[in-house]
2 protein chains.
Amino acid sequence: MKEVTLKQIAENLGISITTVSKALKDYPDVSKKTKALVKKEAKKLHYKPNVFAVNLRTKESKTVGLIIPEVVHHFFSSVINGIIEQAEKKGYLVIILQSNESYKLEKKQIDLLISKRVDGIMISLANKTVDISHLKRVKELEIPLLMFDKISKMIDCSKVVINDREAAYAATKHLIDTGCKRIAHFRGALLPQNSIDRFLGYKKALEDHGLKYDSSLVYICENVDYNDGINAAKQLLEDHDDVDGIFTITDLAAIGAISVFNEKGIRVPDDISIMGFSNWFVSSAITPSLSTVDQPGYEMGKVAFKQLYKEMKARRKHEDFEPRTIVLETKLIKRNST
Amino acid sequence: MKEVTLKQIAENLGISITTVSKALKDYPDVSKKTKALVKKEAKKLHYKPNVFAVNLRTKESKTVGLIIPEVVHHFFSSVINGIIEQAEKKGYLVIILQSNESYKLEKKQIDLLISKRVDGIMISLANKTVDISHLKRVKELEIPLLMFDKISKMIDCSKVVINDREAAYAATKHLIDTGCKRIAHFRGALLPQNSIDRFLGYKKALEDHGLKYDSSLVYICENVDYNDGINAAKQLLEDHDDVDGIFTITDLAAIGAISVFNEKGIRVPDDISIMGFSNWFVSSAITPSLSTVDQPGYEMGKVAFKQLYKEMKARRKHEDFEPRTIVLETKLIKRNST
DNA sequence: TTGGCAGGCGAAAACGTTTTCGATTATTAT
DNA sequence: ATAATAATCGAAAACGTTTTCGCCTGCCAA
């Protein structure tokens with residue numbers, strides 16, 4: 001049971017490999033008759049081109065690499081979904097790697113993708129990534145690169161993001177609009193741009209609406225998860241008794257906080273309003289359902305691949321390409337926690 | 001800025017390509033002196049073998065394909081996590097495809113993976129998959145194949161599963177042990193083996209403990225999601241007023257049900273106990289926290305890749321390989337909903 | 001001297017494709 | 001008739017690696 005190759009078909013038909021190859025790709029210098037013959041024989045033998053040979057010859061793998069901090073994460077898995085769907089449509093496959101928020105791993109994975117000769121790389125940076133020489137290298141090798149969600153401003157490449165600052169501003173403003181006077185913020189780690197921007201949006205909203213910014217109302221949720229939310233909420237209850245609103249960097253932290261308040265008999269939103277971020281679909285399932293900002297993960301993945309695709313196409317044709325930054329719309333979702 | 005190749009190194013050193021290649025791979029018929037020389041030069045030039053050429057020559061891609069019904073899903077994304085981590089350790093990359101529970105897509109994706117010449121394929125079947133000729137073809141081509149979670153008994157290959165029947169039995173028994181007398185079941189679609197097995201476990205547990213099985217207490221949650229849980233719960237409340245326990249096929253459905261009961265003022269677990277399945281981590285975050293069965297996704301992914309790796313290794317050495325079915329342990333998790 | 005052997009190296013084939021550049025024939029214009 | 005043009009085809013190089021097989025040199029034993 002040997003593999004079917006162009007050679008095989010050529011021999012069967014008594015013509016050259018060249019002609020077979022060209023016939024299958026509809027080159028204009030092959031007669032209709034020969035084309036028909038070749039295609040028939042190819043179909044009969046179930047001919048499938050050997051991608052390894054094609055790759056070698058064309059220097060393309062029709063594969064892109066994707067590096068994200070965490071796979072088990074509603075937002076990122078939505079992005080993955082958007083990416084692989086779009087990629088498949090365009091005939092590309094996606095290799096997924098997880099940096100676990102580690103800079104070292106991220107760097108290693110970039111090397112891995114380069115050595116695998118993917119046609120493009122999409123990445124959402126690890127929180128701990130500050131050195132970006134590994135990404136510079138990608139640019140030097142002229143491998144199309146796209147960053148999404150967690151990006152670095154130091155790299156000139158296409159980007160897909162939301163306007164974290166504006167979204168956080170809107171979220172905080174919503175709390176103010178519903179009557180909150182003293183609003184705390186559960187923020188993320190200090191480094192990531194997202195975390196900074198959401199914090200700045202929060203701060204600006206306060207200042208624009210005559211509420212004084214108080215740094216003692218800002219709590220850091222290092223891992224931005226459920227337990228962080230629990231701990232921050234407990235700490236908050238110890239530190240302050242006059243807080244009537246919280247804006248959290250992520251739904252998970254908000255849910256953690258809500259569970260604390262539920263337990264202690266503090267009513268949400270009567271005693272304290274809570275605003276999440278991301279619109280993780282569980283937010284609508286908890287009691288009370290969580291007001292939040294919708295962060296379009298699936299859409300982001302889709303747009304991101306489309307943009308990368310454009311760049312890969314340009315590169316193939318040796319055209320030059322102008323990187324773009326695409327900002328996606330977020331949406332304020334009002335539910336029962338505010 | 002040309003690519004560095006073996007030829008390049010050979011020319012620089014005035015030796016043959018053959019010797020360079022062999023030196024880099026520590027062949028015994030190259031002198032230590034030459035090896036050192038070659039390695040030094042290779043490092044200096046940052047030589048990286050061209051995988052396309054290596055693939056073509058060795059007929060291996062060091063890549064495996066993974067097909068799952070849904071990426072945005074706690075259990076499956078955990079499996080992905082386990083797989084890619086383990087794969088990376090062994091020098092393999094993972095291409096992820098999503099069947100969206102569609103048989104047609106699944107079939108197409110298998111073809112895609114075959115034509116990409118992956119070294120192995122891992123799959124969790126779409127619910128609608130009954131025809132398995134596409135999987136037979138994988139076997140015929142002697143591509144190592146592994147099925148996990150949603151498997152087919154008609155295919156002889158390695159499998160990694162949990163004992164759904166036993167786990168469901170234990171879950172139902174737990175409801176019985178805590179005093180439930182009339183226990184409903186929110187089951188999944190009719191076809192999938194999982195769904196059948198969990199149903200059978202539920203039924204058997206009833207019968208073994210002197211409770212009569214009543215088919216009117218079984219509700220079908222076609223998509224096994226949050227809304228299904230809501231609808232089933234509402235229907236249940238219309239149909240029956242004496243039910244004091246529910247075993248749901250998945251946490252999501254359980255959470256949907258809980259939200260209905262919360263709304264209607266029906267107390268969980270005082271009026272009705274609820275038992276989920278999967279131990280989706282949100283289950284511990286809701287009120288009341290959900291008793292459930294822990295389904296080890298990460299572990300399953302890890303074990304699955306390891307097993308596939310063994311088969312790929314055997315295949316490379318042309319040894320024959322005995323497929324194995326590995327059954328992973330589940331764990332009953334008692335929380336506040338029972 | 002001859003033979004055998006080991007160590008070190010390289011020529012060349014092979015993997016299967018794509019594409020350039022001629023070559024050959026058939027057709028048309030002059 | 002000749003020249004120019006169009007239509008078809010194929011030889012061969014190229015992509016970069018791996019691996020088989022044989023060659024050469026030097027050494028030792030008989």
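Atom NZ in A:Lys25 sits about 13 Å away from atom C1' in C:dG16, given to the nearest Å. Between the CD atom of B:Glu60 and the P atom of D:dT18 there is a distance of 12 Å, rounded to whole Å. The distance from atom CZ of A:Arg117 to atom P of D:dT17 is 8 Å, rounded to the nearest whole Å. The nearest whole Å value for the distance from the NZ atom in A:Lys33 to the P atom in C:dT25 is 17 Å. Taking atom CG of B:Leu6 as the reference point, atom C1' of D:dT18 lies 9 Å away to the nearest angstrom. One atom, NZ of B:Lys7, and another, P of D:dG16, lie 8 Å apart when rounded to the nearest Å. At whole-Å resolution of the value, CD1 in B:Ile17 and C1' in C:dA13 are 13 Å apart. Atom-to-atom, CG of A:Leu56 to P of C:dG16 comes out at 12 Å; the value is rounded to the nearest Å.
Residue-level contact check: B:Asp29 touches the bases, meaning some heavy atom is under 4.0 Å from a base atom. Looking at heavy-atom distances under 4.0 Å, B:Pro49 makes contact with sugar-phosphate atoms alone, never a base. The residue A:Lys59 sits close only to the backbone: its heavy atoms come under 4.0 Å of sugar-phosphate atoms, none of a base. When heavy atoms are screened at a 4.0 angstrom cut-off, B:Thr5 is found touching the sugar-phosphate backbone but no base atom.
Sequence order on DNA chain C of the closest nucleotides to B:Arg57 and A:Val4 puts B:Arg57 first from the 5' end.
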Report the C-alpha separation of B:Arg315 and B:Glu60 in whole Å, then their side-chain angles, then the decisive distance to 0.1 Å, and conclude whether the salt bridge (charged side-chain N to carboxylate O under 4.0 Å, His left out) test is met.
-> CA-CA 11 Å; B:Arg315 169 151 166 62; B:Glu60 279 186 345; over 6 Å; no

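At a cut-off of 3.5 angstrom, counting only N and O atoms as typed in the model, there is a donor on one side and an acceptor on the other between the side-chain of B:Lys22 and the base of C:dG10. Judged by atom type and distance alone, A:Thr18 reaches the base of D:dA12 through a side-chain donor-acceptor pair under 3.5 Å.
Ring orientation note: the planes of A:His73 and A:Phe76 are tilted relative to one another, at an angle of 30° to 60°.
A donor-acceptor pair is defined here as one N or O able to donate and one able to accept, closer than 3.5 Å; no such pair exists between the side chain of A:Gln86 and the backbone of A:Phe305.
Distances shorter than 4.0 Å separate some side-chain N or O of A:Ser31 from OP1 or OP2 on D:dC9. Residue B:Thr34 places at least one side-chain N or O under 4.0 Å from the OP1 or OP2 atom of C:dC9. The side chain of B:Ser21 places no N or O atom within less than 4.0 Å of a non-bridging phosphate oxygen (OP1 or OP2) of D:dG16. The side chain of B:Tyr27 contributes no N or O atom lying less than 4.0 Å from OP1 or OP2 of C:dG7.
Looking only at side-chain heavy atoms (C-beta outward), B:Asn50 and B:Thr5 stay at 4.5 Å or farther from each other.
The environment of A:Asp26 atom CG is dense: over 12 non-hydrogen atoms of other residues, nucleotides or ligands sit within 6.0 angstrom.
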